[in-house]
Peer 1: 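Encoded as structure tokens, here's the structure I'll be asking about.
Values below: all heavy atoms of this structure, side chains included; hydrogens, waters and symmetry mates excluded. The sequence lines fix the lettering, A, B, ..., with proteins before strands; numbering per chain opens at 1.
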2 protein chains.
Amino acid sequence: MAKQPTTFAALKEEERKARQGVIVDAAERVFGRKPFEQVSMREVAQEAGIAVSSIYRYFPDQQSLFVEAFVLGTREIISRIDERIASGRLSSLADFALMYLDFLIEHDHYFRMMTHFMLDGQLSGPLLEKLNQAARTILEQFDRLIAGDTSSEQTRQYAHTLFAALNGILISFRNYPGREPVEVRRHMEKLARLTASMCESHRRSPRG
Amino acid sequence: MAKQPTTFAALKEEERKARQGVIVDAAERVFGRKPFEQVSMREVAQEAGIAVSSIYRYFPDQQSLFVEAFVLGTREIISRIDERIASGRLSSLADFALMYLDFLIEHDHYFRMMTHFMLDGQLSGPLLEKLNQAARTILEQFDRLIAGDTSSEQTRQYAHTLFAALNGILISFRNYPGREPVEVRRHMEKLARLTASMCESHRRSPRG
DNA sequence: TGTACATCAGTGAACGCGCGTTCACTGATGTAC
DNA sequence: TGTACATCAGTGAACGCGCGTTCACTGATGTAC
């Protein structure tokens with residue numbers, strides 16, 4: 001009598017989460033087709049094959065849904081980085097920078113959301129907290145990679161600088177006028193490698 | 001008979017430009033109060049003390065008005081940089097980075113527009129051309145400052161990197177959670193100095 | 001100097017649209033006795 | 001096993017809003033003769 005109900009409840013809760021997931025997935029698919037600021041609840045509903053009003057059974061409003069989708073993306077980056085670190089395939093800082101860059105180039109909608117939220121600054125408390133947590137986790141990854149296990153105020157600064165620089169490359173040159181996407185990507189990668197190299201050598205001899 | 005009319009016409013044209021200017025100025029004032037994506041034509045009209053429909057006598061649509069305001073801002077940055085260079089008060093790359101940073105922190109609406117347009121990618125031809133021209137001019141300033149008169153493919157890469165890194169700092173840390181604006185600014189400035197230093201030393205000994 | 005006409009800045013009201021969100025309802029499933 | 005009731009996912013239609021933009025009009029100024 002005490003066990004059954006909780007199990008049932010757990011199952012229900014699980015199903016609920018699964019349905020939430022369906023909606024978020026649908027949203028992500030739509031994001032793949034157009035800039036996310038232009039995506040309406042109606043489109044997400046259609047993609048998910050449900051009525052608009054149904055979405056509101058699972059998310060209080062549009063912003064919450066979008067933030068959820070974003071947080072999921074963050075988790076994906078992080079787990080990718082983790083995998084690579086674990087498998088020892090990230091030998092240099094440049095490798096890391098390139099993989100971060102590539103991920104964001106390929107998940108353009110994620111990058112758009114990221115910059116959108118960075119610019120926004122008027123999110124409600126809990127959502128903001130979620131986003132900050134996501135940002136913090138990524139920054140920690142940067143730090144760990146630069147510092148090894150001996151993170152310090154100084155290594156954190158390099159982490160911040162690299163993080164910022166890569167984001168900056170992505171935003172500053174994405175619409176490089178008159179270039180093909182392939183060229184743009186190559187240019188970004190070149191700048192990313194240069195930045196990584198700058199970070200690395202400067203850290204070894206800061207006043208060099 | 002040939003001279004008078006053209007003079008009159010010129011005067012008229014001048015007045016027209018002046019009135020355009022009044023509208024753009026009004027827009028900029030409103031941008032100072034709220035994120036520019038939220039600024040409506042009605043608000044600009046009210047700030048300028050005219051009817052909404054009057055704006056359309058001077059600008060074909062909202063986007064043109066906003067781009068115009070943006071381009072004006074660009075001119076302001078550029079002339080500031082020029083002044084400083086002329087007066088010899090830009091001794092180091094760090095000085096330059098800091099002044100670029102400070103300008104964008106203080107003209108937040110300009111920075112927002114910049115990133116907005118960078119992300120956008122669906123502007124109509126002539127407007128896009130205007131924006132690209134603006135971007136190119138700024139990048140040239142960066143290049144000139146790094147290269148002196150001997151700009152090369154290599155110096156241009158450093159210019160791009162610095163430009164991107166500074167933009168990245170501005171966007172990545174503007175909403176640094178739980179910090180006062182003063183602290184945020186200090187942090188950004190620290191990162192900017194570090195970046196400038198990295199660029200400088202790396203350029204002197206690229207494989208150091 | 002006076003008159004008819006053209007030009008054009010400026011206007012208030014309206015149009016049309018798309019959006020996020022809510023509402024009242026249906027119907028299927030599970031629960032209690 | 002059967003019946004009355006509660007729960008809740010799912011829905012289509014509607015609400016209300018704010019927006020960019022257009023329209024038909026007014027009135028002042030300049031021009032031609």
Side-chain angles (χ1 to χ4, degrees), chain A residues 1-24 26-27 30-31 34-69 116 120 122-124 127, chain B residues 1-24 26-27 30-31 34-69 116 120 122-124 127:
Chain A
M1 195 110 198
K3 218 172 185 177
Q4 276 266 359
T6 56
T7 307
F8 273 30
L11 273 173
K12 276 225 151 162
E13 187 53 28
E14 221 166 275
E15 277 175 37
R16 208 187 137 74
K17 287 276 178 227
R19 275 185 289 248
Q20 277 199 21
V22 170
I23 296 171
V24 175
V30 183
F31 293 155
K34 53 157 68 174
F36 90 95
E37 313 92 343
Q38 290 170 28
V39 172
S40 71
M41 295 299 262
R42 275 166 245 262
E43 280 171 289
V44 175
Q46 193 178 10
E47 176 74 27
I50 59 176
V52 204
S53 43
S54 300
I55 299 181
Y56 289 88
R57 292 240 165 238
Y58 298 94
F59 298 93
D61 52 32
Q62 191 184 47
Q63 202 168 61
S64 305
L65 168 58
F66 284 14
V67 166
E68 196 56 40
H116 175 86
D120 193 343
Q122 38 194 358
L123 284 166
S124 61
L127 293 187
Chain B
M1 195 105 198
K3 218 173 188 178
Q4 275 265 359
T6 57
T7 307
F8 274 31
L11 273 174
K12 275 224 152 163
E13 189 52 30
E14 220 167 275
E15 278 174 36
R16 207 188 139 74
K17 288 275 178 227
R19 274 186 289 247
Q20 277 200 21
V22 169
I23 295 173
V24 175
V30 183
F31 293 155
K34 52 158 68 176
F36 90 94
E37 312 91 344
Q38 292 170 27
V39 171
S40 70
M41 295 300 261
R42 276 166 244 263
E43 280 171 289
V44 175
Q46 193 179 8
E47 177 74 28
I50 59 176
V52 205
S53 43
S54 300
I55 299 181
Y56 289 88
R57 290 240 165 240
Y58 298 94
F59 299 93
D61 52 31
Q62 191 184 46
Q63 201 168 62
S64 304
L65 168 57
F66 284 14
V67 166
E68 196 55 42
H116 175 86
D120 194 342
Q122 38 194 358
L123 283 166
S124 59
L127 292 187

Peer 1: Is any side-chain heavy atom of A/Val52 less than 4.5 Å from a side-chain heavy atom of A/Val44?
Peer 2: no
Peer 1: B/Glu37 has an atom CD; how far is it from atom P of D/dG18, in whole Å?
Peer 2: 18 Å
Peer 1: What are the two closest non-hydrogen atoms of B/Val24 and B/Glu68, and how far apart are they?
Peer 2: CG2-CG, 4.1 Å
Peer 1: Would you mind telling me which residue lines up with the more 5' stretch of DNA chain C, A/Val52 or A/Arg57, judged by nearest nucleotide?
Peer 2: A/Val52
Peer 1: Figure out the CZ/C1' separation between A/Arg16 and D/dC8, and round it to whole Å.
Peer 2: 10 Å
Peer 1: Kindly point out which of D/dA9, C/dG10, C/dG12 is positioned nearest to the side chain of B/Ser53?
Peer 2: C/dG12
Peer 1: Rounded to the Å, how far apart are B/Ile23 CD1 and C/dA9 P?
Peer 2: 11 Å
Peer 1: Side chain of A/Gln62 only, heavy atoms from C-beta on: which candidate in D/dA9, C/dA9, C/dT21 is closest?
Peer 2: C/dT21
Peer 1: Report yes if a side-chain nitrogen or oxygen of A/Ser54 is closer than 4.0 Å to either non-bridging phosphate oxygen (OP1 or OP2) of D/dT11; otherwise report no.
Peer 2: yes
Peer 1: Tell me the interatomic distance from B/Ile55, atom CD1, to C/dT11, atom P, rounded to whole angstroms.
Peer 2: 10 Å
Peer 1: How close or far is atom C1' of C/dG10 from atom CD of B/Gln20, stated in whole angstroms?
Peer 2: 16 Å
Peer 1: Quick check: do B/Val30 and B/Phe36 have side-chain heavy atoms less than 4.5 Å from each other?
Peer 2: no
Peer 1: Taking DNA chain D as the partner, which of residues 39-48 of chain B come within under 4.0 angstrom of it by heavy atom?
Peer 2: B/Val39, B/Ser40, B/Met41, B/Arg42
Peer 1: Determine which nucleotide pairs with C/dG30, using a 3.5 Å limit on both distances of a Watson-Crick or G-U wobble pair.
Peer 2: D/dC5
Peer 1: Of the listed nucleotides (D/dG10, C/dT11, D/dG12), which one gets closest to any side-chain atom of B/Ile50?
Peer 2: C/dT11
Peer 1: For A/Phe59, report the nucleic acid contact type (base, sugar-phosphate, nothing); a contact means any heavy atom under 4.0 Å.
Peer 2: nothing
Peer 1: Do other residues, nucleotides or ligands put more than 12 heavy atoms under 6.0 Å from B/Gln46 CD?
Peer 2: no
Peer 1: Measure from the side-chain heavy atoms of A/Tyr56 and tell me the nearest of C/dT11, C/dT22, D/dA9.
Peer 2: C/dT22
Peer 1: Decide if atom CD of A/Gln63 counts as having more than 12 heavy atoms of other residues, nucleotides or ligands within a radius under 6.0 Å.
Peer 2: yes
Peer 1: Please lay out, stage by stage, how A/His116 and A/Phe66 fare under the test side chain to side chain contact (heavy atoms under 4.5 Å, CB included).
Peer 2: CA-CA 11 Å; A/His116 175 86; A/Phe66 284 14; over 6 Å; no
Peer 1: For D/dC17, which nucleotide is its Watson-Crick or G-U wobble mate, given both distances must be under 3.5 Å?
Peer 2: C/dG18
Peer 1: Which nucleotide, if any, forms a Watson-Crick or G-U wobble pair with C/dT11, using both distances under 3.5 Å?
Peer 2: D/dA24
Peer 1: Establish, from distance only, whether the side-chain atoms of A/Arg19 and A/Tyr58 form a donor-acceptor pair under 3.5 Å.
Peer 2: yes
